[in-house]
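Read through the structure below, which is laid out as structure tokens, and then see the notes.
Throughout, a chain's letter reflects where its sequence line sits, starting with A, and its residues are numbered from 1.
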Amino acid sequence: MKPTELSGLPAGVGEHLEGEGVEALYPPQAEAVERGVTDGENVVAAVPTASGKTLIAELAMLSAVERGGTALYIVPLRALASEKRAEFERWEEYGVTVGVSTGNYESDGEWLGSRDVVVATSEKVDSLVRNGAPWIDDLSCVVADEVHLVDDRERGPTLEVTLAKLRRLNHDLQTVALSATVGNAPEIADWLDAELVDSDWRPIDLKTGVHFGNAINFADGSQRKVRVDSGGKQTPALVDDTLDEGGSSLVFVNSRRNAESAAGRLGGVTGDHLTDAERVELRELAADIRDVSDTATSDDLADCVERGAAFHHAGLSSEHRDLVEDAFRDRLIKVIAATPTLAAGVNTPSRRVIVRDWRRYDPEFGGMKPLDTLEVHQMMGRAGRPGLDPYGEAVLLASNNDTKEELFERYIHGEPEPVRSKLAAEPALRTHLLATVASGFANTREDILEFLDNTLYAVQSAGNAQLESVTDTVLNYLDANEFVDRDGDTITATEIGHTVSRLYLDPMSAAAIIDGLRDAEGDDGSREYGSRGAVDGDPDESSGFVTGNDLLDDDPLADTEAEGDAGTGDDADDVSALGLYHLVSRTPDMYQLYLKSGDRETYEEELFERETELLGRTPSEYDDVAFEEWLSALKTARMLEDWAGEVDESRIAERYGVGPGDIRGKVDTAQWLLNAAERLAGELDLSNVVAVREAKKRVEDGVREELLDLTGVRGVGRKRARRLFEAGIETRADLRNADKSVVLGALRGEKTAETVLENVGREDPSMEGVTADADAKRAGREEEEGQASLGDF
DNA sequence: ATAGCGCGAATATAGACAGCATGTC
DNA sequence: CTATATTCGCGCTAT
């Protein structure tokens, strides 16, 4: 079937596709058309990665738009949202408008409603439904990408419930679900009342095999000799072998450290295959990488990249990831050693995929657990670049014959696992039942159960009473915490319940935050809400900690170890920033830092010193689980405090054993939760709203209180603000009136200085002919040296 | 006395969504 | 039966 033969698409689309080289639809695409994707039919397409799933979705969405409707494309990751947006934007010349909505990339709601196609994460869609975005009701087509992720314990239920809600809001909604090949595709189609396209067809041949001894044994019976040198290292031999053919490799490993060390070693292999031109480009890329962040992770990555290798994991900042992914697609980087981030993320195809580690440590399992077949298939699916490689190769590594047999059985001949709904778990239902009640989908227990009947869980558990019993548990919980009211059979959300639902908080997080903030209200007594009693110890102590202000004169970036900066300070009712950081860090919405062996002692001591600042009662030391969580929340809180105390990124990374990406992630989450805390405090008329807002702003900008005014200027972050401050420019007003030479001295670089002055609203920002003030320059330098000397902690 | 070495023991282990108000190629 | 890379700690030796 030719694209131009398709009916119901906007004029020009078929020709455009042919222009892209799509001469005929791939068989699964043609089958989807036969089943009616372009006529508004529900379709579930369970096909391998890179076999044209996206075009199936595009056909559905474009035909929906042509009929005057609008479409929503749901993705699991923010990075995928921008990737898809970019892809769909090629239809704009045929009059199809595209918009994106994710947590960090928010377009105006009204504007979004005017788009023909909107790309959003599942959580964002859920949030839009909760907040009653009007355009949601008018959708005519929804696409769920990677729908097999409903199997995920944490995030799966969101997608499941969101799809159920969208379909409830609009019974005529066309539902298209794209899935990897899974064990139970018919069941998913059944759930969504959809036609099923289930296929193993791939546009490029994928040769799968196991390397053992001196050869890859492919599933088709063929062999390829890949000699392993005396060192016995299979991975470098395979990478080298691919390079000889001019191809790049993707190596999947099971830990960050393994990824980093493997990349280091593989750099020795790739380094021999580079042209001089590539070396130059790689050096530039390495410099860009170093510029992203001043951390050991960043340096290590740059070192690898200079030799044509890279590692990839969640400890990298998103800028790092983008640089690495782009360079790999451009074939500049020859090999990436990656954790599973890359298998689920944006498209990074490679000639050869090497699944080195097929087991991963799992504390619940109590050892090394084999990866799911589905997950390994996702990794292997990255092999083969359409239009560039004749075929892709996916190779598993075995060190003995038994392993070889097992790998064949499990991952090459084995069926992927069936997808199982994880909806009947308390944490999932806590959030979703409150939202279901709050946004009016149900207002009795029976309504709720009937609504839940539209989920995959219901399809898979006919006659199973578990969902019902968990529902009752959760309703009791919501009632006890005053998020819902029960009047006879009628269940309604309370005002605070509505807020919690709209803020997208786990009700348990909200309860913890409310509890903690009320606790800090101290003895005003009028609000006894699930109170666990006041903080132990002398009440005067709650405002008696060191504010650290006296440290500022000597060394503004001194270690914040002894510091409990209370923000606004003088109010006896006030809570310290650390207390608030700890409060949000111990909610289920914050993924806490891991306690390493020595940490337990360190943070027990820390707890002893600063317990009075924490909100709520410290759990008993004998309650091992709770106490440990309390401590790791303290560790997380200390990291946030360091960040807000202007401790250098490299020191934070070193002290807490994290990468720049982790720091950003924690800081982001803290901002979000503190914002929610601020709203809750405001709504409940708690006195500590101001302290919460202050703590939030400091985390946002990563600065101490006195810099908050300066960081309000666009282009001024924590570093520039501190340098300006040291040069005597303490406020925006100062900046507008300051001597230009001082500004230039502090900021270095004429262009930066001009931009900053422009942003602060100065009339004559030009830096022409201005020379940097020596004192201001020196202040900056000393600060950096001071920073460096702190390294030996 | 001590730097250097070899070797068994100990250690640690993936990922990442959301609010809000502004601003961005 | 099945992890593995890396660091740590200890006892030993050569200087």
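Using a 4.0 Å heavy-atom cutoff across all strands shown, R664(A) reaches no nucleic acid atom at all. Within the 4.0 angstrom heavy-atom criterion, no nucleotide atom of any strand lies near T158(A). Backbone-only engagement by R321(A) is indicated by non-hydrogen atom pairs under 4.0 Å involving sugar-phosphate atoms exclusively. Residue-level contact check: N258(A) touches the backbone only, with heavy atoms under 4.0 Å from sugar-phosphate atoms and none from bases. Among the protein residues, Q671(A) comes within range of the nucleic acid bases, having at least one heavy atom under 4.0 Å from a base atom. As judged by a 4.0 angstrom heavy-atom cut-off over every strand, D126(A) is placed among residues making no nucleic acid contact.
Counting only heavy atoms from C-beta outward, the side chains of T636(A) and Y581(A) never approach each other to under 4.5 Å. When side chains are defined from C-beta on, T339(A) does not count as touching F311(A), because their heavy atoms never get closer than 4.5 Å. Within the 4.5 Å cutoff, no side-chain heavy atoms of E683(A) are placed close to those of E678(A). Side-chain atoms of T341(A) and R321(A), non-hydrogen and from C-beta on, do get closer than 4.5 Å to each other.
Within the 4.0 Å cut-off from OP1 or OP2 of dT2(C), not a single side-chain nitrogen or oxygen of R359(A) is found. For dC17(B), the OP1/OP2 oxygens have no side-chain nitrogen or oxygen of T669(A) closer than 4.0 Å. One finds a side-chain N or O of R265(A) lying less than 4.0 angstrom from the OP1 or OP2 phosphate oxygen of dT6(C). Side-chain N/O atoms of T339(A) include one lying less than 4.0 angstrom from OP1 or OP2 on dG15(B). Taking 4.0 angstrom as the limit, S255(A) places none of its side-chain polar atoms (N or O) nearer than this to OP1 or OP2 of dT4(C). When the side-chain nitrogen and oxygen atoms of T403(A) are compared with OP1 and OP2 of dT2(C), none of them lie within a distance under 4.0 Å.
Residue N400(A) is the one, among N400(A) and A262(A), whose nearest nucleotide of DNA chain C lies closer to the 5' end (criterion: closest heavy atom). Comparing E375(A) and R714(A), the nucleotide of DNA chain B nearest to each residue sits closer to the 5' end for E375(A). Comparing N131(A) and Y361(A) by the nucleotide of DNA chain B that holds the closest heavy atom to each, the one mapping nearer the 5' end is Y361(A).
If you check the side chains of H432(A) and E160(A), you find no donor sitting under 3.5 Å from an acceptor.
Separation of the P atoms belonging to dT2(C) and dC17(B) is 36 Å when rounded to the nearest angstrom. Taking atom C1' on both nucleotides, dC1(C) is separated from dA16(B) by 37 Å, rounded to a whole Å.
Rounded to whole angstrom, the span from the CD atom of E700(A) across to the P atom of dC20(B) amounts to 13 Å. The nearest whole Å value for the distance from the CG atom in L593(A) to the C1' atom in dA14(B) is 15 Å. The distance between atom CZ of F311(A) and atom P of dA14(B), rounded to the nearest whole Å, is 13 Å. Atom P of nucleotide dG19(B) and atom CG of D589(A) are separated by 11 Å, given to the nearest angstrom. The CH2 atom of W358(A) sits 9 Å away from the C1' atom of dT2(C) (whole-angstrom rounding).
Within 6.0 Å of CD on E495(A) lie no more than 12 heavy atoms contributed by other residues, nucleotides or ligands.
Candidate nucleotides dG19(B), dA14(B), dA16(B) were compared by shortest atom distance to the side chain of R155(A), and dA16(B) ranks first. When each of dA16(B), dT6(C), dG19(B) is scored by its nearest atom to the side-chain atoms of S261(A), the top-ranked nucleotide is dT6(C). Looking at the side chain of L77(A), the nearest of the listed nucleotides dA18(B), dC17(B), dG15(B) is dC17(B). Comparing dA18(B), dG15(B), dA3(C) by their nearest atom to the side chain of A314(A) picks out dG15(B). The side chain of W672(A) sits closest to dG19(B) out of dT6(C), dA14(B), dG19(B). With dG15(B), dG19(B), dA14(B) as the choices, the nucleotide that has an atom nearest any side-chain atom of K124(A) turns out to be dG19(B).
Comment: E89(A) engages R85(A) in a salt bridge, judged by a side-chain N to carboxylate O separation of less than 4.0 angstrom.
Exactly one of E629(A), E628(A), K666(A) qualifies for a side-chain contact (heavy atoms from CB on, under 4.5 Å) with Q592(A). That residue is E629(A).
Minimum interatomic distance between S293(A) and E649(A) (heavy atoms only, all atoms of both residues): OG-OE1, 3.3 Å.
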Could you run down the sub-3.5 Å N/O contacts of the protein with nucleotides 9-12 of chain B?
from	atom 1	to	atom 2	distance (Å)
dA12(B)	OP1	S597(A)	N	3.2
dA12(B)	OP1	S597(A)	OG	2.9

